[in-house]
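Before any comments, here is the structure.
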Amino acid sequence: MHRLTLYILLLCPLINFSQEITLDRVEPPFWWTGFKNPDLQLLVYGKNIALTTVSVSYPGFVLKKVNKVENPNYLFLDLTISHNAKPGIATILFKIKDKETAKYLYELNPRKKGSAQRKSFTSHDIIYLLMPDRFSNGDAANDLATFMAEQVNRSNQDGRHGGDIKGIMNHLDYFQDLGVTTLWINPLLENNIAKYSYHGYSTTDYYKIDPRFGTNEDYVKLSESLHQRGMKLIKDMIFNHCGIGNWWMKDLPSSDWVNQWPEFTRTNYRAGTFTDPYASQSDSNMFVRGWFDITMPDLNQANPYVKNYLIQNSIWWVEYAGLDGIRQDTHPYPFKEMMAEWGKRLQTEYPDFNVVGECWLNYPASVAYWQKGSKNKDGYDSWLPTVFDFPLYDALNKAFSEPEGWNTGIVRLYEILAQDFSYPDPNNIVVFADNHDVNRYLDSQKDDVWKLKMAMAYILTTRGIPEIYYGTEILMTSGPDKSGDGSKRKDFPGGWAGDSRNAFTAQGRTEAENDMYNYLSKLIHWRNANEVVHTGKFRHFIPADGIYVYFRYNDQSTVMVVMNNNEETKTIETKRYNEFLKRFKSGTEIISGNSLNDLSKLTIPGKSTLIIQLK
Ligand code: CA
């Protein structure tokens, strides 16, 4: 689709020296007719491109303003696309003294039917998070990308292992067998840097899938294949920082394109400075303007060109790849006014579109600040529909591994949910036990599978949108060496030709792995079929003696969940839960399939969960 037509390099006739002019990039490389917002700002990059005069001749596609910045190798073109503009190809001409020096054929594509009305991920879905370099290597040929700065080396846990889009495509049946409905794939955009390029969080080209993962077309094909199966795709995006190897770092449009410091200055990672009424200016400043890492320059979203670049880039990918959602990395780190404008512009074009922001904060009130519609004292509205439930993640990691006490043990889960009054939309929160940045849940529970099952039962029955990290279903752990991020992001066994076993198949899994896989798959498929767990109301009872009971209910259906956090089996009298139970005579426990014909007493094995569909 890149139709970069360049024929350039002419002498400027009235100047007595030659001035080389090139046209190297136009971004976004193409656009669409029919958006609500008629404005489009093009970044144009090429040697001395700012010396040219630009013109556009196309009905309904009007060049309003040509913006020059410090660096003469850039132009920013403000264009409008009128509502009656027809799809087609517009010619953008670059001239010096009436002589054409370059031109770009700019495609205005028609939007796909129903594009604006697309349904996004919701609490009906189950998100499966995978790291593409570590999931499956479907195309060994793209491992040999010798033109890239880092080569495949599977023996290095921090190196590239060769996983790719083809590897994900090869396992669509696997996802459906497990039952997950939505893929969140860690970033796939080009990361052309010498080290740690595998995780994808150091973008070097915002419009290009990394060739070691595949092509832009492969990504679109993946999206379409998921849609054919009724599945959804979430793209991981990063507005806060780019990678040090980004093409523009060698030749910045202006000195304020990135936040610059006299010497390298790291962010303090304290996202709470935004909501802290006592935060010092220097702390707040360092949080927003400090660099995330030496290799991750901090973008200055207060610069209007940076702002438009990022916002348009996200809309471009939604429209181009037919995305069903976005996960925004380090959401509070960019300038928050820009992030709110982004959300607003995205939702103007796609009213039902969902975005989940990584607002990694420890308290519900701090996280709730970032959810759209929050009544914040400072008047800020983020326009971010969904946040990750980090406080609940934290509670979940402690709840099953410590003695029961007034504020320890399973009561932690109860206490976190009791603070849901902070959230404008508590059911639109992503709940998870782990992800690519933290210890795998089994590691934090010292390999206790019972606790992992409890955590999975919980995130699949509590309010919100569950997220499961790849490999959880096969008991993946960091192994003996738990150091470094690489250990949390191991290769999925069977994802590489020549692997000693293939854990994508029941035959390739151990007995214990199959037990976990089957438990999870059963629970997931049951959840998929039961609306009451997606949108039903939630009501819980104060935990007592290590037993936590909650209900999900709507007009049609009621589900009772009983968690036993004791090591030993417990039999409980259920009179206390009569405000729900009095209407029911029996129930079915969904994992065992057992019928329960006497609900007055329930017996629950130690460290386990009963999920009872009441009748
Ligand atoms: Ca590969």
Side-chain angles (χ1 to χ4, degrees), residues 1-2 128-175 178 180 183-226 231 233-238 243 245-246 295 317 320-321 323 436 469-471 474 476 484-505 508:
M1 299 281 270
H2 256 97
Y128 187 80
L129 162 63
L130 68 87
M131 183 153 279
D133 182 59
R134 303 299 167 87
F135 189 67
S136 173
N137 189 359
D139 180 4
N142 62 22
D143 299 357
L144 303 167
T146 49
F147 50 93
M148 302 299 280
E150 188 180 14
Q151 306 303 308
V152 164
N153 177 7
R154 219 180 148 196
S155 65
N156 175 4
Q157 80 161 13
D158 299 319
R160 288 198 86 94
H161 291 188
D164 47 35
I165 293 174
K166 185 76 193 338
I168 300 168
M169 285 284 274
N170 290 345
H171 293 99
L172 302 183
D173 287 342
Y174 176 79
F175 302 129
L178 182 59
V180 294
L183 296 188
W184 157 25
I185 304 172
N186 290 124
L188 289 158
L189 293 182
E190 186 196 85
N191 271 230
N192 197 5
I193 51 170
K195 276 183 180 174
Y196 301 106
S197 70
Y198 77 93
H199 59 61
Y201 287 95
S202 304
T203 314
T204 57
D205 189 329
Y206 279 87
Y207 282 96
K208 191 177 164 205
I209 296 288
D210 193 291
R212 292 160 294 190
F213 289 137
T215 62
N216 286 11
E217 290 75 17
D218 292 336
Y219 186 60
V220 173
K221 209 171 137 198
L222 171 65
S223 172
E224 288 169 353
S225 303
L226 289 170
M231 292 181 70
L233 179 61
I234 296 176
K235 190 173 199 303
D236 205 329
M237 293 190 179
I238 313 124
N246 193 293
T295 56
W317 278 109
Y320 171 65
L323 300 180
H436 61 292
Y469 187 39
Y470 83 99
I474 56 157
M476 207 184 264
D485 284 339
S487 69
K488 303 160 192 161
R489 306 161 178 175
K490 292 206 155 165
D491 298 346
F492 198 104
W496 277 251
D499 278 0
S500 59
R501 68 194 185 98
N502 181 3
F504 288 112
T505 66

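In each ligand, atom 1 is the first atom listed, and ligand 1 is the first ligand listed.
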task = List in chain and number order the residues that pass side-chain contact (heavy atoms from CB on, under 4.5 Å) with Ser202, two or more places apart in sequence or in another chain; answer none if no residue qualifies.
result = Asn191, Ile193, His199, Thr295, Met296
inquiry  = Quick check: closest heavy atoms across Lys488 and His436, and the distance to 0.1 Å?
reply    = CD-O, 4.3 Å
request  = Output all residues satisfying ring-ring contact (aromatic ring centres under 6.0 Å, His included) with Tyr470, sequence neighbours left out; order by chain, then residue number.
outcome  = none
query = Under the 6.0 Å and 45° cation-pi test, does Arg154 pair with Tyr198?
reply = no
request  = Identify, with sequence neighbours excluded, every residue that meets ring-ring contact (aromatic ring centres under 6.0 Å, His included) alongside Tyr469.
outcome  = none
Criterion ring-ring contact (aromatic ring centres under 6.0 Å, His included) on Phe492 and His171, from CA distance to verdict = CA-CA 12 Å; Phe492 198 104; His171 293 99; 7.5 Å; no
ask   = Under 3.0 Å from the Ca ion (ligand 1), which protein atoms of type N, O or S occur, listed by chain and number?
value = Asn137 OD1, Asp139 O, Asn142 OD1, Asp143 OD1, Gly162 O, Asp164 OD2
